[in-house]
Participant: 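The structure is given below, and queries will be raised subsequently.
Hydrogens, waters and symmetry mates are skipped; everything else that's a heavy atom, side chains included, is used.
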Amino acid sequence: MQKITYLDKPVYIESFSAVGGLEESRGPLGDKFDLIDEKDLFGMKTWERAEGEMSRLALNIALNKNKLSPDDLDILVAGDLQNQCVASSGGLFTFGIPFLGLYGACSTCTEGLLVLTAMLTASKNYSRGASVTSSHNCAAERQFRTPIEYGAQRTPTSQWTATAAGAFILGKEKSDIKITSFMPGRVIDGYVKDQSNMGSAMALAAYDSIAAYFSENDPSRFDLILTGDLGSVGSSILEEMLCEKLGENGRTISSLHKDAGLLLYDLKNQDMHAGGSGCGCSASVLSSLILPKVKSGEYKRIALLSTGALMSTGSVGQGDHILGVAPLIVIEGEDL
Amino acid sequence: MENSESYKRRVKVHSPHSKLLKNTLSAFLFGGIICLFGEIIANIYLLLGVKSEDVYIWVTITLILISALMTGLGVFDKIARHAGAGTLVPVTGFANSVVSCAIDNKAEGYVLGVGAKIFTVAGPVILFSLISGFIYGLIYYFLTLFI
Amino acid sequence: MDISKLFLAFLVGGIVCALIQVLIDLTKLTPARILVILVCFGTFLGAVGLYESLFELAGAGISVPLIGFGANVAKGVKEAVDSFGFIGIFKGPFAAASAGCTAALIFGYLACLIFKGKPKRSR
């Protein structure tokens, strides 16, 4: 069973940033990003290095916003979509901060915040740390799908890996956004083998975590329940299941549910099919759109579940089901 | 919790279908136009005095060259998004698969990056055409012995 | 110029592409598998002699789709077996199809020397 942790002393989000590419700047959140590179290369020569550079820039911006230096950070947790997480380690090693690499596929944003919150709570030695998450469309296309110039038609259920990174600096000093509760998710069989229908493969994991958390929490106390990248297909499956299986509570959750993959892009004018995906998707939506609204008081309490599709090109080639995981954290506004 | 069968049914209901009619129509138009273009340049090559048995080899080479250029300029995948099988089925699709793999893996070096990965999509095509040709050769040889 | 042959090239080429599009949309076969199916089908058409009559009729309409590549393989094998006997089974498969292969690989290599990769765009 999933264990829910309610923090006696919350952990505070002190600073956050979002970095993105051209498609992200064309979306509805475009002007809310801290930095955009319209070439998607961030001055690097390859897409893989560009992803690492995005992480570095995101952390740099988050540090500068609060006039912090790398020495003020005790721990860095980071993850991305590349094999062996080389974008995070390669992009962030120059800061010289103790580092933990994470892999939760597209769930990495929530996973990182959760792990960091737990570390800050557990040890006196850690008073401030950062969580950084990135994904790059071209690096992901090359690794998981086809060459970038390859002319293939995408199916309507496929999603678009975001070229984006988000950095979050968490600490124990009081500020206006806090993390009050967290719950790791279980790995759930998504029953789907189709690599271009990942929203469906992850919807069950999101349902599993939501059902567990709201079995002992009242959803009407929340202003938003945000999933990471279920896209249009996964979202409609999740909402249908919630209404069918959780009764009145399920209908409340369903009405509060939004998906970061559907917020990042303008789906009418950008040809993204079922929506955005990738670990940069929930990270950049959280820091460009959601956290400012928590800060301003528009949202008092939100639940964030980034959803990860756990698979590799090898496992898909061998016909394995795509597995899903959805860790959950609760973010609240603090009256200062 | 959901079981495999009930969930697969649910996924099927919620997953939008490809626009079959629109896709098929545009595949027909793009594919037809590429073949028409091939036939037109075949006629031009004939007029220019190319030997009639070589004309269609030149057509193939010309189409491959054009696809390579369009892939390199980043136009091919934009057209293919609408054309679907219309650009995949003609030799243009084969050329695009070779060229895109080459460009994509340049950063990993010219021998193991380009050299090995240029065959990612072309390799299977070459292998299976060889196998089918080999099997036909065997059958044909033994038929000629007995007939 | 033979107008009716031009029209048949358009029609036959278009129909082949349309049929394959239906196959892709209904079965979700990957493009690489589609190409393999096409060349094998081409070898079959060449082997049973249907390709030649289609080619007479539609020209580029059937030779430009990858079916033509497979049919050339069959043609090469047949000619090689006719002139060399058993060893022709080994000598033949690529004889008539090599031009397309060589062109694609050489142009592919040249293209990667000249061009840089560009990011995918949604429009």
Participant: To the nearest 0.5 angstrom, please state how far the NZ atom of C/Lys116 sits from the CD atom of A/Glu149.
Facilitator: 12.0 Å
Participant: Is the number of heavy atoms from other residues, nucleotides or ligands under 6.0 Å of A/Arg26 CZ greater than 12?
Facilitator: yes
Participant: Counting only heavy atoms closer than 4.5 Å, note whether A/Tyr150 contacts chain C via side chain, backbone, both or neither.
Facilitator: both
Participant: Do other residues, nucleotides or ligands put more than 12 heavy atoms under 6.0 Å from A/Tyr103 OH?
Facilitator: yes
Participant: Looking at C/Lys118, C/Lys28, C/Arg121, which one has more heavy-atom pairs under 4.5 Å with chain A than the rest?
Facilitator: C/Arg121
Participant: If you count the non-hydrogen atoms of other residues, nucleotides and ligands that lie under 6.0 Å from CZ in A/Phe144, is the total more than 12?
Facilitator: yes
Participant: Does any heavy atom of chain C fall under 4.5 Å from the side chain of A/Gln195, the backbone, both, or neither of them?
Facilitator: neither
Participant: Count the heavy atoms belonging to other residues, nucleotides or ligands that lie under 6.0 Å from CZ of C/Phe94, then report whether that count exceeds 12.
Facilitator: yes
Participant: Any ion pair linking C/Lys120 and A/Asp40 (charged N to carboxylate O, less than 4.0 Å)?
Facilitator: no
Participant: How about NZ on C/Lys5, more than 12 heavy atoms from neighbouring residues, nucleotides or ligands closer than 6.0 Å, or not?
Facilitator: yes
Participant: Taking all non-hydrogen atoms of both residues, which atom of C/Pro119 and which atom of A/Trp47 are closest, and how far apart?
Facilitator: CD-CH2, 3.4 Å
